[in-house]
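Below is one structure, written out as structure tokens; the observations come after it.
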2 protein chains.
Amino acid sequence: MIGNGRTNDPQGVRRRIVDTAYDAFVKQGYIATGMLEIREKASVSGGAMAHHFPAKRALGLAVIRDRVSHAVRQTWIEPLDRCVDAPAAIDLIFGDIIGELAPKGSVSGCPLNNMAMDVSPHDPEMRLALDDIFAAWQEALSAKFQADLASGRASNIQPSSLATLVIAIYSGAMAMAKARQDVGALVESRAELAALLALKYRRVTSAG
Amino acid sequence: MIGNGRTNDPQGVRRRIVDTAYDAFVKQGYIATGMLEIREKASVSGGAMAHHFPAKRALGLAVIRDRVSHAVRQTWIEPLDRCVDAPAAIDLIFGDIIGELAPKGSVSGCPLNNMAMDVSPHDPEMRLALDDIFAAWQEALSAKFQADLASGRASNIQPSSLATLVIAIYSGAMAMAKARQDVGALVESRAELAALLALKYRRVTSAG
DNA sequence: TTTAAAACAGGACGATTGACCTGTTAGGAG
DNA sequence: CTCCTAACAGGTCAATCGTCCTGTTTTAAA
């Protein structure tokens with residue numbers, strides 16, 4: 001109505017909406033989250049919401065492409081480049097995630113997996129967008145295993161299927177942790193995964 | 001209204017409702033499935049539905065306790081008793097599931113995992129019921145590994161955490177298969193899991 | 001300064017949700 | 001047979017869903 005100090009900030013409003021939606025989608029699920037709830041939490045009017053995201057699907061797509069994709073890249077792909085080999089990176093990632101989960105008290109699960117589980121059956125376009133993220137994740141891990149094989153750090157491994165296995169272990173352990181509200185599954189899976197990778201790797205950390 | 005050949009069949013009606021709900025919950029998700037949809041698919045009136053299940057939560061609980069629990073027991077726990085050791089059972093189970101999925105054309109995912117993912121954050125009672133199923137599954141697998149250890153078939157394994165790993169691999173691979181609509185993740189995970197278990201087991205199938 | 005388009009406000013829309021109501025019928029106990 | 005309760009029919013309820021509308025204000029280009 002009356003023009004109190006309103007300032008147009010399309011990028012900021014859009015960012016607030018996507019951030020709020022990302023949180024809600026990951027914690028409660030895409031279907032269980034209403035547009036009204038997002039509008040209220042993000043302090044955005046219906047008009048602004050409709051302007052930026054005419055439909056819920058568009059918001060879901062934006063969350064997947066702008067946030068879920070980034071989350072996977074940041075927590076799983078980038079650490080691969082900063083570690084000497086795949087096992088070191090994987091153990092570091094598991095450790096970080098367990099460390100972040102422990103004090104929080106509740107386990108909300110893997111963003112990518114959470115989105116994929118309740119969106120995949122209903123929206124082919126969103127499913128494909130999530131599929132791309134899975135593919136990038138698998139490819140990055142696979143490339144790291146391949147590099148370890150080429151550099152002689154690892155032997156007798158099949159990079160592609162081993163990468164799939166690692167993703168499955170992480171996704172499954174996170175799903176269990178969410179269902180049981182206990183990080184135990186992540187802790188146990190981390191140890192087992194480290195042990196089985198150690199059999200294929202000759203570590204240089206200690207003399208041997 | 002007019003008393004056309006109606007017959008009271010409380011057990012049958014209840015079974016039809018639970019069966020229909022189980023299918024819908026697994027394929028579309030608990031939240032995404034409406035009570036009206038279940039009523040129509042099961043050909044049940046609103047009055048009958050309200051009589052048997054006063055609230056959606058009660059139906060969800062019944063599906064978990066009567067169907068999901070049974071599905072896990074039948075596909076994962078009972079085969080353990082019919083196989084010589086855990087690796088044989090696990091490979092058989094993966095093979096059966098992949099074989100059933102291949103001609104179907106679509107992957108709807110693991111019933112237990114599907115239910116857990118979208119129900120856990122919203123209903124503590126249903127989450128605990130699912131938690132019990134996870135616990136029974138983990139315990140059965142753990143006991144089989146323990147038996148293999150005692151009988152000398154396996155060595156250098158930790159039954160409890162290894163059982164958790166197997167469940168994580170299966171759940172995660174199934175989640176990937178559902179998200180990507182491709183059984184590839186299950187096939188690859190099966191092979192990797194068989195290979196890593198073989199390292200801990202001395203097989204008696206072939207001479208050696 | 002004029003102007004057109006983007007950005008935003010606030011509310012209303014029909015459809016659908018889960019829950020529940022009153023009334024009627026079936027079927028076993030007495 | 002009578003009677004009573006579980007079983008069932010059919011419809012209604014407020015609440016909430018996602019979407020869209022009209023109108024106003026900001027903003028940058030001309």
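Heavy-atom basis, side chains included; hydrogens, waters and symmetry copies ignored. Just so we're on the same page: letters track the sequence lines, and every chain starts at 1.
The side chain to side chain donor-acceptor pair (under 3.5 Å) test applied to B/D66 returns B/R14, not counting sequence neighbours. When the side chain to side chain contact (heavy atoms under 4.5 Å, CB included) test is applied to A/H51, no partner is found at least two apart in sequence or on another chain. In this structure, the side chain to side chain contact (heavy atoms under 4.5 Å, CB included) partners of B/A21, at least two apart in sequence or on a different chain, are B/F25, B/I38, B/L59, B/V63. Listed by chain and number, the residues in a side chain to side chain contact (heavy atoms under 4.5 Å, CB included) with B/E78 are B/Q74, B/R82 (sequence neighbours excluded). With sequence neighbours left out, A/D96 forms a side chain to side chain contact (heavy atoms under 4.5 Å, CB included) with A/L92. Partners of A/D123 by side chain to side chain donor-acceptor pair (under 3.5 Å), not counting sequence neighbours, listed by chain and number: A/R57.
Contacts of residues 8-28 of chain A with DNA chain D (heavy atom under 4.0 Å): A/N8.
Salt bridge annotation for B/K144-B/D85: absent, with no cationic side-chain nitrogen under 4.0 angstrom from a carboxylate oxygen.
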What does the list of N/O pairs under 3.5 Å between the protein and nucleotides 16-20 of chain D look like, with a distance for each?
unit_1	atom_1	unit_2	atom_2	d
D/dG18	OP1	A/T33	O	3.3
D/dG18	OP1	A/K56	NZ	2.7
D/dG18	OP2	A/M35	N	2.7
D/dT19	OP2	A/K56	N	2.6

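Interface remark: the A/R6 side chain does not form any donor-acceptor pair with the D/dT26 base, using a distance-only criterion of under 3.5 Å.
The phosphate of D/dC8 has OP1 or OP2 within less than 4.0 Å of a side-chain N or O from B/H52. At C/dC8, none of the side-chain N or O atoms of A/H51 fall inside 4.0 Å of OP1 or OP2 (strictly under the cut-off).
Within the structure, ring-ring contact (aromatic ring centres under 6.0 Å, His included) pairs that include any residue of residues 174-196 of chain B do not occur (at least two apart or interchain).
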